[in-house]
Amino acid sequence: MSNQSTKSIYLETFGCQMNELDSELVAGSLGALGYRFTADADEADIVLYNTCSVRERAEQKVWSRLGDMKKRKRDHQPDLIVGVLGCMAERDGTDLIARMPVVDVMCGPSELDKLPELIDNAVRTKSSLAVNDPAIAIRRSAKQVALQGNASRRSSTLAAAGDSLESLDLGRMLSPVDFDGRRSAYVRITRGCNKFCTYCVVPHTRGAEIHRPPEHIIDEIKALADTGIIEITLLGQTVNHYRFEHDSAVSVDGILQPQKGRAYKGSHNRDAFAGSNTTTFADLLYRIHEEVPTIQRLRFLTSYPRDFGDDVLQVIRDCPRICRFIHVPAQTGSDRMLKMMNRGHSIAEYDEFIGRCNEFLHQPEIGRPLMLGGDIIVGFPTETDEDHELTKQLLTRTRYKNCFIFKYSPRPGTVAYDKIPDDIPDEIKKRRNNELLMMQSDISDSIAQEQVGTEFDIFVEGLSRHEHKKRGTDVKPGSGMVGITIAGSAMQSQTATLDPIAQGPTVQLSGRTDGDLIVFFNVPAVGVHSPNDYIGKIVRAKITGADKLTLAGELV
Ligand code: SAH
Ligand code: SF4
Ligand code: F3S
C-alpha cells in the first residue's frame, strides 16, 4: 500500500459499544499501516464516521456532518477523503453516495477488515485525479464500497464470512493498539443478530449471528491482560445466546479447532441441547474467569431475557470476578406490544427471569447487590395508555439501576416500518418518554440511597467530573486513543495528568462498583500515594452519601 504514512485520519464514532470496539480495531489496523490519527477534524486528510442506524436521530447527526464535509471539500480541500463506516453505510447502501457524492468510501460493519484497502485505493485514485475544479474532483473520485448487502444473509458461507472478519478482532493481538494507560476493554464474542425484533435494524446491518471460537476470545483477553487491562466487557447483541459448536469450527487459517469440551461443571441444570463439544455462555464465562485471573472484572452486554439458563446465573454467583450487573432490556411492560415487537417472550417470563436473577445474585450483605439495567421503547405503533401503564408497572417492580428510554423511531427495511403505521403522535411519545424518565430517575435515586453505609470494591477510573471542572480540564470522551471521538460514550479516558499541588489538599476520583454504580471519593493530594497510583486499581470504600445517580464514598 502506498501514500498512507503521510495521511492523517479523524475518526468519529456513533452508536453502541459494538461500534466503539470496531473503531478501536479499525484504528489499530490503520495505525499499524502508518496512518496517523488526529483529534482535530479540521486538520485531517481523511475523515471517517463510524455510524449507527438504530434511530433516525443517530443518522441525522451523520447527515449534518456530511453536509459540513461537502462545504469543506468544495471550498478548500478537494482532496479530502470522506468515509462512512458501520450500520448506516450498510443500511443506506449506495443510495447514500447518490445523495451525498462527497462520500468516497463506504464500508459496512461486516466488511471492516477491508477498510485499509479501500482507503488506500481512495488515496491513490484521488492523487491520480488531481484536477483544479473541485466539483469535477468530487464527481470523478472513484467510490470505494464494501457492503455485505441484505441479499447475502449468509448461510452456507457463514463460517467463511465470519472468518475473514475474525481477522479484524484478532489483529488486536498482532499489533496491540496503544492502550495509553487504559484498564478496560471490550471483547466481541458474537457478531450479528438473528432475532429480528420488528423495530430493529441491527439484524439487517450486522448480518446473521456468528459466535467467535472460545480459543480466540480467550487468547485476545490474555493479550489484553498482558497490556495491563483488568476489566473486560464481552459484547454481543444477545450475549447470553453465545454457543460454539467445536465440531463445525474452522479457524482463520482453515485449520480445524481442537475439540474442547465444556468447562463449567458446577451446574445441576445442564442445557439438554448442548453436547460435550459445545461451549455455552456459562462455559465461556467460567473459562475466562479461570484462565485469565488477572482480569478483575468481567462484564457482558447485552442480555436477552429468553433462554438465560440457571447455569449462567450459577457461574456468575460462583465466580467472584464476574460482575453483578445484568443489562437485560424488556422494551415494554405489555404482552401485546411484546408480541408485535416479536420479542419471543412474555412479561410473565421476563418477571420470572428477573426473579431468578435476584434469587441467585442479590447479595447486599457482602456488598454485592445485583444491579439491573434496561431499555424501553415508548410509542411503538398502537401503544395505548393501558400498555404504557403496564410499562410503568414494570419499571416499578423491576427497579433498574438505570434504564434507557427511547421514543420509537420507524426504520426503513424493518417489519414494523413496512407493516405497522407509526400512528402514535410525537407529543404522546414525548409525554410517555418524560414520564418514564422521571420515574426511572426516582428509582435510580432510591437505589443509590439504599447503598449508604455499605462497603464496596471500587474500580478507580480517573478524576471525577467535579475534579475535571475544578481544573478546567475536559472529560475526554473516547477510548483514550488520540483522534478517536466517541459520541455519547460512557468510557472516559484515564490519561489525565494530575497536578495535585496546585489544586488543593484532596483530589476527587471516580470509580465503579461491580454492579456498575458510580462512586466519587477523595484522596489526599500529597502523601504516601499519589492520586495517580489509585487509577486503574480496585479499592475498598464505604458509601457515605448518595445524590441522584452517584454515590459518595470514603476509602476504608
Ligand atoms: N440487542 C439489544 C439491543 C440493541 S439496540 C437487545 O435486544 O436488547 C439498543 C436499543 O435500542 C434496544 O434495546 C431498543 O430499546 C432501542 N431501539 C432499537 N430499535 C429502535 C427503534 N427503531 N426505535 C427506538 N428504539 C430502538
Ligand atoms: Fe435488535 Fe432485537 Fe437483535 Fe436486539 S435482539 S439487536 S433489539 S433484533
Ligand atoms: Fe447502532 Fe449498529 Fe450498534 S445500528 S446500535 S451501531 S449495531
Side-chain angles (χ1 to χ4, degrees), residues 12-23 49-59 61-62 84-92 107-110 112 148 153 186 188 190-209 235-242 300-308 326-333 337-338 340-345 350 353 372-381 383 391 400 402-418 420 422 424 426 429 432-433 436 486-489:
E12 186 170 352
T13 306
F14 302 83
C16 65
Q17 292 88 353
M18 205 60 98
N19 256 18
E20 293 179 24
L21 173 59
D22 281 342
S23 283
Y49 299 116
N50 192 9
T51 60
C52 174
S53 256
V54 81
R55 282 168 292 276
E56 197 185 349
R57 258 181 79 171
E59 291 201 346
K61 282 188 211 151
V62 175
V84 176
L85 324 178
C87 290
M88 193 173 159
E90 190 63 51
R91 198 190 71 71
D92 281 14
C107 189
S110 312
L112 288 170
Q148 180 192 307
R153 266 192 77 82
Y186 293 127
R188 184 173 359 243
T190 300
R191 300 169 204 287
C193 182
N194 285 347
K195 281 278 171 278
F196 287 96
C197 303
T198 52
Y199 51 81
C200 184
V201 290
V202 175
H204 307 273
T205 60
R206 296 256 167 192
E209 195 173 275
L235 297 183
Q237 293 298 345
T238 54
V239 76
N240 51 309
H241 287 179
Y242 178 84
F300 50 88
L301 289 172
T302 301
S303 297
Y304 194 76
R306 217 181 73 185
D307 316 319
F308 200 119
I326 301 186
H327 185 85
V328 57
Q331 313 297 359
T332 168
M337 291 286 96
L338 271 185
M340 284 178 73
M341 291 175 171
N342 189 33
R343 286 289 284 180
H345 62 85
Y350 187 84
F353 173 60
L372 297 165
D375 296 350
I376 295 287
I377 298 177
V378 295
F380 190 74
E383 186 186 62
T391 303
Y400 298 108
N402 67 299
C403 183
F404 299 104
I405 322 273
F406 303 110
K407 289 191 294 172
Y408 170 63
S409 167
R411 308 309 296 133
T414 60
V415 169
Y417 182 89
D418 291 335
I420 325 173
D422 175 26
I424 307 296
D426 200 48
K429 285 184 187 167
R432 290 180 183 164
N433 192 52
L436 296 188
I486 300 202
S489 164

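Bear in mind that the values here come from a model prediction, so they are computed numbers and not experimental data. Values below: every heavy atom of this structure, side chains too, minus hydrogens, waters and symmetry copies. All ligand and atom numbering here is 1-based and tracks the order in the structure.
- The closest approach between a heavy atom of His327 and any atom of ligand 1 is not below 4.0 Å.
- With a 4.0 Å cut-off on non-hydrogen atoms, Phe406 touches ligand 1 through its side chain and not its backbone.
- A heavy-atom separation below 4.0 Å is not found between Val202 and ligand 1.
- Between Phe196 and His204, the gap from one ring centroid to the other is short of 6.0 Å.
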Assess the residue pair Ile377 and Thr332 against the criterion (side-chain contact (heavy atoms from CB on, under 4.5 Å)); give the C-alpha distance rounded to whole Å, side-chain angles, the decisive distance to 0.1 Å, and a yes or no. CA-CA 6 Å; Ile377 298 177; Thr332 168; over 6 Å; no
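- Interface of Gln237 with ligand 3, defined as ligand atoms under 4.0 Å from a residue heavy atom, comprises 7 (S).
- Contact residues of ligand 2 (protein heavy atom closer than 4.0 angstrom to a ligand atom; sorted by chain and number): Cys193, Lys195, Phe196, Cys197, Tyr199, Cys200, Val202, Pro203, Gln237, Thr238, Tyr304, Arg343.
- When only non-hydrogen protein atoms are considered, atom 5 (S) of ligand 1 lies nearest to Val54 CG2, 4.0 Å.
- The nearest heavy-atom contact from the protein to atom 26 (C) of ligand 1 is Arg55 NH1, 3.4 Å.
- Proximity of Pro329 to ligand 1, defined as any heavy-atom pair under 4.0 Å, is confined to the side chain (atoms from C-beta onward).
- With a 4.0 Å cut-off on non-hydrogen atoms, Ile377 touches ligand 1 through its side chain and not its backbone.
- Residue contacts with ligand 1 leave out Gln17, since none of its heavy atoms falls under 4.0 Å from the ligand.
- Only the side chain of Arg343 comes within 4.0 Å of ligand 1, counting heavy atoms alone; its backbone N, CA, C and O stay farther away.
- Closest to atom 9 (C) of ligand 1 among all protein heavy atoms lies Asp375 OD2, 3.8 Å.
- Ligand 1 is approached by Thr302 to a heavy-atom distance shorter than 4.0 Å.
- Residue-level proximity to ligand 1 for Arg411 is carried by the side chain, the only part with a heavy atom below 4.0 angstrom.
- By the criterion of a heavy-atom distance under 4.0 Å, neither the backbone nor the side chain of Lys195 is placed next to ligand 1.
- With waters neither drawn nor counted, the protein N/O/S atoms under 2.8 Å from atom 3 (Fe) of ligand 3 amount to 1.
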Could you go through Leu235 and Leu21, starting from their C-alpha distance and side-chain angles, then the distance that decides it, and tell me whether this counts as side-chain contact (heavy atoms from CB on, under 4.5 Å)? CA-CA 9 Å; Leu235 297 183; Leu21 173 59; 4.1 Å; yes
